[in-house]
Asker: 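Structure below; questions to follow.
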Amino acid sequence: MKKLCLLLGTALLLFITGCTSSITLTLNKNGSVTAEFSGAPGKGFKELLKASVDSKDAENKEVVFDTKAIKKELEKGGFTDVKASSQTGTDIYIKMTDPSRKSEYFTSGLVNVKNNKLKVVLSPANLKKFYESTDEQTVSYLDMLLSPVFNSDTMSEKEYIELVSSFYGKDVALEIEQSTVSLTIVNPNGKKTTHKIKMSRLLTLNETLQLE
């Protein structure tokens with residue numbers, strides 16, 4: 001079964017498909033960073049995910065995310081305390097810790113730590129760097145988004161929604177248009193901040209967003 005080997009790939013896919021998706025990044029006192037993600041796709045994108053399952057697994061198309069395989073791959077990638085579960089087969093919950101801050105999130109510049117504070121830097125350059133450094137399977141899933149931000153293209157949110165509608169239909173386009181990213185950052189001192197960003201804005205990003 002096809003699987004997503006990295007959390008961000010999973011997050012980007014599910015963030016576009018519903019208003020209940022969220023991710024929490026916690027900087028622990030020992031310097032490690034724990035990421036916790038939960039999300040579920042809307043009806044339209046759920047069908048696209050099911051269609052992406054290998055034909056040999058056709059009898060299991062209700063199960064899109066192989067949580068055992070995802071857990072195994074994340075552990076291979078150096079993450080610890082990995083948990084992955086799914087209630088319906090198309091929703092997903094993942095929790096994991098980056099003990100040394102050497103994962104793609106940090107090497108791409110998407111996440112960094114300064115003065116014992118966690119910061120997320122979303123920019124076209126950082127998102128493209130992550131895209132170019134990740135594995136082929138994740139790239140194939142990210143390509144489903146038709147996002148200009150991964151290809152150094154410039155497109156308005158309206159143009160992007162129209163593009164998605166022409167490829168996948170109005171239902172999927174509407175799900176993307178209505179979807180919001182909820183990102184919570186927690187620092188060692190207990191300070192917690194939550195940021196909400198429209199997914200269509202993120203996938204057509206033409207600026208730098210520094211979130212902390």
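Heads up: numbering here begins at 1 and tracks the sequence.
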Asker: Under 3.5 Å, is there a donor on one side chain and an acceptor on the other for T97 and T34?
Answerer: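 A donor-acceptor contact under 3.5 Å links the two side chains.
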
Asker: For T107 and K102, work out which heavy atoms get closest and say how close.
Answerer: CG2-O, 3.7 Å

Asker: I need the I176 CD1 to L145 CG distance, nearest 0.5 Å.
Answerer: 7.0 Å

Asker: T194 and T184: side-chain donor and acceptor closer than 3.5 Å?
Answerer: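 A donor-acceptor contact under 3.5 Å links the two side chains.
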
Asker: Using a 3.5 Å distance criterion without hydrogens, assess whether the side chain of N189 forms a donor-acceptor pair with backbone atoms of K191.
Answerer: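 Yes, the answer is positive, given that a donor and an acceptor are paired below the 3.5 Å cut-off.
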
Asker: Could you verify whether a donor N or O on one side chain and an acceptor N or O on the other, from Y131 and D143, lie under 3.5 Å apart?
Answerer: yes

Asker: Test your reading of the model: is there a side-chain donor-acceptor pair from R101 to the backbone of S32, 3.5 Å cut-off?
Answerer: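 Between the backbone of S32 and the side chain of R101 there is no qualifying donor-acceptor contact (under 3.5 Å).
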
Asker: Does the pair E212 and K114 meet the rule for a salt bridge (charged side-chain N to carboxylate O under 4.0 Å, His left out), with working shown?
Answerer: CA-CA 10 Å; E212 53 185 302; K114 186 175 182 180; over 6 Å; no

Asker: Between T24 and E36, is there a side-chain donor-acceptor contact under 3.5 Å, judged purely by atom types and distance?
Answerer: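 Not at all, the side chains of E36 and T24 share no donor-acceptor pair under 3.5 Å.
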
Asker: Can you tell me how far the CE atom of M155 sits from the OG1 atom of T204, to the nearest 0.5 Å?
Answerer: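 Here the interatomic distance stands at 9.0 Å.
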
Asker: Can you tell me how far CG of L74 sits from CG of D81, rounded to the nearest 0.5 angstrom?
Answerer: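 With rounding to 0.5 Å, CG (D81) is 12.5 Å from CG (L74).
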
Asker: Working note: K83 + M96, criterion side chain to side chain contact (heavy atoms under 4.5 Å, CB included); need CA distance, chi angles, decisive distance, verdict.
Answerer: CA-CA 6 Å; K83 296 179 181 178; M96 63 187 188; over 6 Å; no

Asker: If only side-chain N and O atoms count, and only distance matters, is there a donor-acceptor pair under 3.5 Å linking D98 with S103?
Answerer: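 Note: S103 and D98 side chains meet the donor-acceptor criterion.
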
Asker: Check the side chains of S152 and K128 for a donor-acceptor pair under 3.5 angstrom, ignoring hydrogens and angles.
Answerer: yes

Asker: Quick one: are E157 and K198 in side-chain contact, heavy atoms under 4.5 Å?
Answerer: yes

Asker: Under a single-linkage definition using a 4.5 Å side-chain heavy-atom cutoff for Ile, Leu, Val, Met, Phe, Trp and Tyr, are L211 and V149 assigned to the same hydrophobic cluster?
Answerer: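 Cluster IDs for L211 and V149 match.
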
Asker: Assigning hydrophobic clusters by single linkage (Ile, Leu, Val, Met, Phe, Trp, Tyr; side-chain heavy-atom cutoff under 4.5 Å), is L205 placed with L146?
Answerer: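 Same cluster: L205 reaches L146 through Ile, Leu, Val, Met, Phe, Trp or Tyr contacts under 4.5 Å.
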
Asker: Drop me the distance from L122's CG to H195's NE2, to the nearest 0.5 angstrom.
Answerer: 9.5 Å

Asker: If hydrophobic clusters are built from ILVMFWY residues whose side chains come within less than 4.5 Å, do V186 and F79 share one?
Answerer: no

Asker: Pair V111, L118 - check side chain to side chain contact (heavy atoms under 4.5 Å, CB included), show working.
Answerer: CA-CA 7 Å; V111 184; L118 195 61; 3.7 Å; yes

Asker: Which of these, N112, L209, V120, V121, sits in a side-chain contact (heavy atoms from CB on, under 4.5 Å) with N126?
Answerer: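 With N126 as partner, N112, L209, V120, V121 yield a single side-chain contact (heavy atoms from CB on, under 4.5 Å), made by V121.
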
Asker: List the steps, then state whether side chain to side chain contact (heavy atoms under 4.5 Å, CB included) holds for L183 with I197.
Answerer: CA-CA 8 Å; L183 172 65; I197 311 166; 5.6 Å; no

Asker: At their closest point, which heavy atom of S147 faces which heavy atom of Y160, and how far apart are they?
Answerer: CA-CE1, 4.0 Å

Asker: Verify side chain to side chain contact (heavy atoms under 4.5 Å, CB included) between S165 and K170, making sure each step is shown before the conclusion.
Answerer: CA-CA 5 Å; S165 181; K170 293 182 179 179; 3.6 Å; yes

Asker: With heavy-atom distances below 4.5 Å as the criterion, would you say the side chains of F37 and S22 are in contact?
Answerer: no

Asker: Under a 4.5 Å side-chain heavy-atom rule over Ile, Leu, Val, Met, Phe, Trp and Tyr, are L174 and V164 clustered together?
Answerer: no

Asker: Which value, rounded to the nearest 0.5 Å, describes the distance between T67 atom OG1 and K72 atom NZ?
Answerer: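 Nearest 0.5 Å value for the OG1-NZ distance: 13.5 Å.
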
Asker: Would you indicate whether the side-chain heavy atoms of F106 and V33 approach each other to under 4.5 Å?
Answerer: yes

Asker: Would you call R201 and E207 a salt bridge, using N to O less than 4.0 angstrom?
Answerer: yes

Asker: Determine whether a donor-acceptor pair (N or O, by modelled atom type, separation under 3.5 Å) exists between the side chain of E132 and the backbone of K129.
Answerer: no

Asker: Hey, quick one: are V113 and L110 part of the same hydrophobic cluster, counting side-chain heavy atoms closer than 4.5 Å, chains of contacts allowed?
Answerer: yes

Asker: Using 0.5 Å steps for rounding, measure from the CG atom of L163 to the CD1 atom of I161.
Answerer: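 If we round to the nearest 0.5 Å, L163:CG and I161:CD1 are 9.5 Å apart.
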
